[in-house]
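Below is one structure; the comments refer to it alone.
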Number of protein chains: 2
Amino acid sequence: MPDPVVVVIEDEPQIRKFLRATLEGQGYRLFEATTGADGVVEVSSRQPDVVIIDLGLPDMDGLDVIRRVREWTAVPVIVLSARGQERDKVTALDAGADDYMSKPFGAGELLARIRVALRHTAGASHEGDDAVFRVGELRVHLVRRQVFVGDKEMHLTPIEYKLLTTLVRHAGKVVTHQQLLREVWGPAHTEQAHYARVYMAHLRHKLEAEPARPRYLLTESGVGYRLAAE
Amino acid sequence: MPDPVVVVIEDEPQIRKFLRATLEGQGYRLFEATTGADGVVEVSSRQPDVVIIDLGLPDMDGLDVIRRVREWTAVPVIVLSARGQERDKVTALDAGADDYMSKPFGAGELLARIRVALRHTAGASHEGDDAVFRVGELRVHLVRRQVFVGDKEMHLTPIEYKLLTTLVRHAGKVVTHQQLLREVWGPAHTEQAHYARVYMAHLRHKLEAEPARPRYLLTESGVGYRLAAE
DNA sequence: GGACGTCTTGACGGGTCCTTAACGTCCCGG
DNA sequence: CCGGGACGTTAAGGACCCGTCAAGACGTCC
């Protein structure tokens, strides 16, 4: 395997320097970002094997960076944080982080946890982190959160977008009403099948040429919905 | 997904009790071992989704337990330890552990790290499962919930599909009327044998070239039905 | 405070699917 | 040759699911 690529998202120069010294000595290729927005861009362009992120960033909440990254890739994310409270750890891990280290931490432990992360990705073959889903005229750019029909960009509301990406993640397979409601509206709303109907109608009006006879957003009566795949 | 299975390898009764209370409250199925040797046996027999192991065991070194387990499975292993030295963490992680928590630790953080471990296995397992049944021109994609005759996809209603998959699950073997009715319509409808007749007719019209002389959906007169296998 | 975009909620019409019943067919024994 | 049982076929009714529209609630930004 070639040298593993690491993206570091960290604003404090001292820690950046420390990480650079630690990682480059071990043969990792390192790319740095000092803001959350830059971090998201770096992750999408460098396709790293591991991401290391400090939660205390100047421009946006580190948790949001993790959630954004998680929308299109399963790359291991290791969190560094000055805060060591349990609730901080839990929210970060549930937001999609794979590991959490409180400052101060040792170089050896960091390197060991990076090796663990690399073991994970080595086993799981790189499957679907394409970051862009296509079928027919429809394109969904997970990184930029943009949706196109042909050349025309379509504006989707937050729920519409989440509904669509949920279907994208299971493209070709049927997603039951329960699954859909749980993943989009949360576990408390698995009964309101009505929500899904209303929003599928919205999506179809925005994405389908003939909303009444959909080509992409298909209904499986009595079961759920399916997004057509190639 | 059914309730995740956890194997706990821990000799101290207090911590075992604590873990049991914490995990069973969250719907995990729990199996315990109090020695390293037992632990290895439990892991191989229970096929757990996560292993939690205390390094301070009476009979053998916890690290050896991890190495033994790693010889045949990639199941996530979370280490609990009274020792918090960096070198201990590094050796445990390099021995094959996926995570390391120093005592004392909070229940919330443990649960969060278990969720992380479960995320990993959930993503990894979805690779090679074809889960497609074939016989002659007939193909049943169980994962996608799609049925093809030759190249043509056939739309099945929920009951039709359930009936078909029930037969697929016992392909080649006779399924009695009672079995069929119980598995498709529920235990309350085991008397209405004509349900099966009506829906077998539907299925044959959709899937058979000559519904009157079926090649796949065969009748075993007086007993039940049978799906032909290769 | 008002305008706007978004989400929730209800009502209604149309369509799909399930149930049920009636009838047809085949086979076998009387 | 007749009759009955098991199975296959078809169609009608109604229950349920789904798509649609619109009104109201909610939050946000000017």
Side-chain angles (χ1 to χ4, degrees), chain A residues 145 147 153-167 174-186 188-227, chain B residues 145 147 153-167 174-186 188-227:
Chain A
R145 292 185 159 203
V147 179
E153 179 178 359
M154 287 291 150
H155 171 72
L156 300 188
T157 72
I159 285 195
E160 286 166 3
Y161 184 79
K162 198 161 187 188
L163 179 60
L164 180 60
T165 52
T166 302
L167 290 168
V174 175
V175 185
T176 66
H177 296 120
Q178 284 222 344
Q179 254 180 295
L180 218 51
L181 292 164
R182 180 156 29 81
E183 297 193 29
V184 177
W185 279 272
H189 301 77
T190 51
E191 305 305 314
Q192 280 101 325
H194 193 81
Y195 289 8
R197 288 209 292 276
V198 173
Y199 274 87
M200 285 301 293
H202 291 167
L203 275 184
R204 292 212 255 240
H205 271 98
K206 290 185 176 180
L207 306 180
E208 296 276 3
E210 293 179 87
R213 284 190 290 125
R215 291 170 53 205
Y216 312 126
L217 300 161
L218 310 176
T219 300
E220 295 283 333
S221 194
V223 187
Y225 294 93
R226 176 208 306 276
L227 178 62
Chain B
R145 205 181 186 284
V147 179
E153 178 179 358
M154 286 292 148
H155 172 72
L156 300 188
T157 71
I159 285 196
E160 286 166 4
Y161 184 79
K162 200 163 186 188
L163 179 60
L164 179 60
T165 53
T166 303
L167 291 168
V174 178
V175 184
T176 66
H177 295 121
Q178 283 224 343
Q179 249 181 299
L180 218 50
L181 291 164
R182 179 156 29 80
E183 296 194 31
V184 177
W185 279 271
H189 301 77
T190 52
E191 305 306 313
Q192 281 100 325
H194 61 274
Y195 284 14
R197 286 208 292 276
V198 172
Y199 274 87
M200 285 302 292
H202 290 167
L203 274 184
R204 292 210 254 238
H205 269 95
K206 289 185 176 179
L207 306 181
E208 296 276 4
E210 294 179 87
R213 285 191 293 124
R215 292 169 51 205
Y216 312 126
L217 300 160
L218 311 176
T219 301
E220 294 285 335
S221 197
V223 187
Y225 294 94
R226 181 164 58 91
L227 179 62

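Every chain is numbered from 1 and lettered A, B, ... according to where its sequence line falls, protein lines coming before strand lines. Just the heavy atoms: all of them, side chains too, but no hydrogens, waters or symmetry mates, feed the values below.
Within 4.0 Å (heavy atoms only), A:Tyr225 reaches sugar-phosphate atoms of the nucleic acid but no base atom. Counting non-hydrogen atoms under 4.0 angstrom, A:His189 reaches nothing in the nucleic acid.
Side-chain N/O atoms of A:Thr219 include none lying less than 4.0 angstrom from OP1 or OP2 on D:dC17. Residue A:His155 places at least one side-chain N or O closer than 4.0 Å to OP1 or OP2 of C:dT6. The phosphate of D:dC7 has neither OP1 nor OP2 within less than 4.0 Å of any side-chain N or O from B:Tyr195. For the OP1/OP2 pair of C:dG5 and a distance below 4.0 Å, the side-chain nitrogens and oxygens of A:Thr157 include no atom meeting the criterion. For C:dT6, the OP1/OP2 oxygens have no side-chain nitrogen or oxygen of A:His202 closer than 4.0 Å. Side-chain N/O atoms of A:Trp185 include one lying less than 4.0 angstrom from OP1 or OP2 on C:dT8.
Side-chain proximity of B:Ala201 to C:dC17, D:dT9, C:dT8: nearest is D:dT9. Distance from the side chain of A:Val198 is smallest to D:dT20 among C:dT16, D:dT20, C:dT19. Between C:dC7, D:dC18, D:dC7, one nucleotide has an atom nearer to the side chain of A:His177 than all others, and that is D:dC18.
A heavy-atom distance below 4.5 Å is found between the side chains of B:His177 and B:Tyr225. Side-chain contact between A:Leu164 and A:Val147: present, with at least one pair of heavy atoms (C-beta onward) separated by less than 4.5 Å.
Atoms CZ (B:Arg197) and P (D:dG5) sit 13 Å apart, rounded to a whole Å. The CZ-P distance, from A:Arg204 to D:dC18, rounds to 10 Å in whole Å. Remark: C1' of D:dG19 and CD of A:Glu220 are 16 Å apart, rounded to the nearest angstrom. One interatomic measurement links the two molecules: CD of B:Gln192 to P of C:dT20, which rounds to 6 Å at whole-angstrom precision. In this entry the distance linking NE2 of A:His194 with C1' of C:dC7 reads 12 Å, nearest Å. Look at NE2 on A:His205: it is 9 Å from C1' on D:dG19, rounded to the nearest Å. Distance, A:Glu160 CD to C:dG5 P: 13 Å, rounded to whole Å. Going from atom CG of B:Leu181 over to atom C1' of C:dT19 covers 14 Å, rounded to whole Å.
A salt bridge is defined here as a Lys NZ or Arg NE, NH1 or NH2 lying under 4.0 Å from an Asp or Glu carboxylate O, and A:Lys206 with A:Glu160 meets this definition.
If you run side-chain contact (heavy atoms from CB on, under 4.5 Å) between A:Arg226 and each of A:Leu217, A:Leu218, A:Val175, only A:Leu218 comes through.
Ranked by how close their nearest DNA chain D nucleotide is to the 5' end, A:Gly224 and B:Ala193 are led by B:Ala193.
Rounding to the nearest 0.5 Å gives a distance of 8.5 Å between CD1 of B:Ile159 and OH of B:Tyr195.
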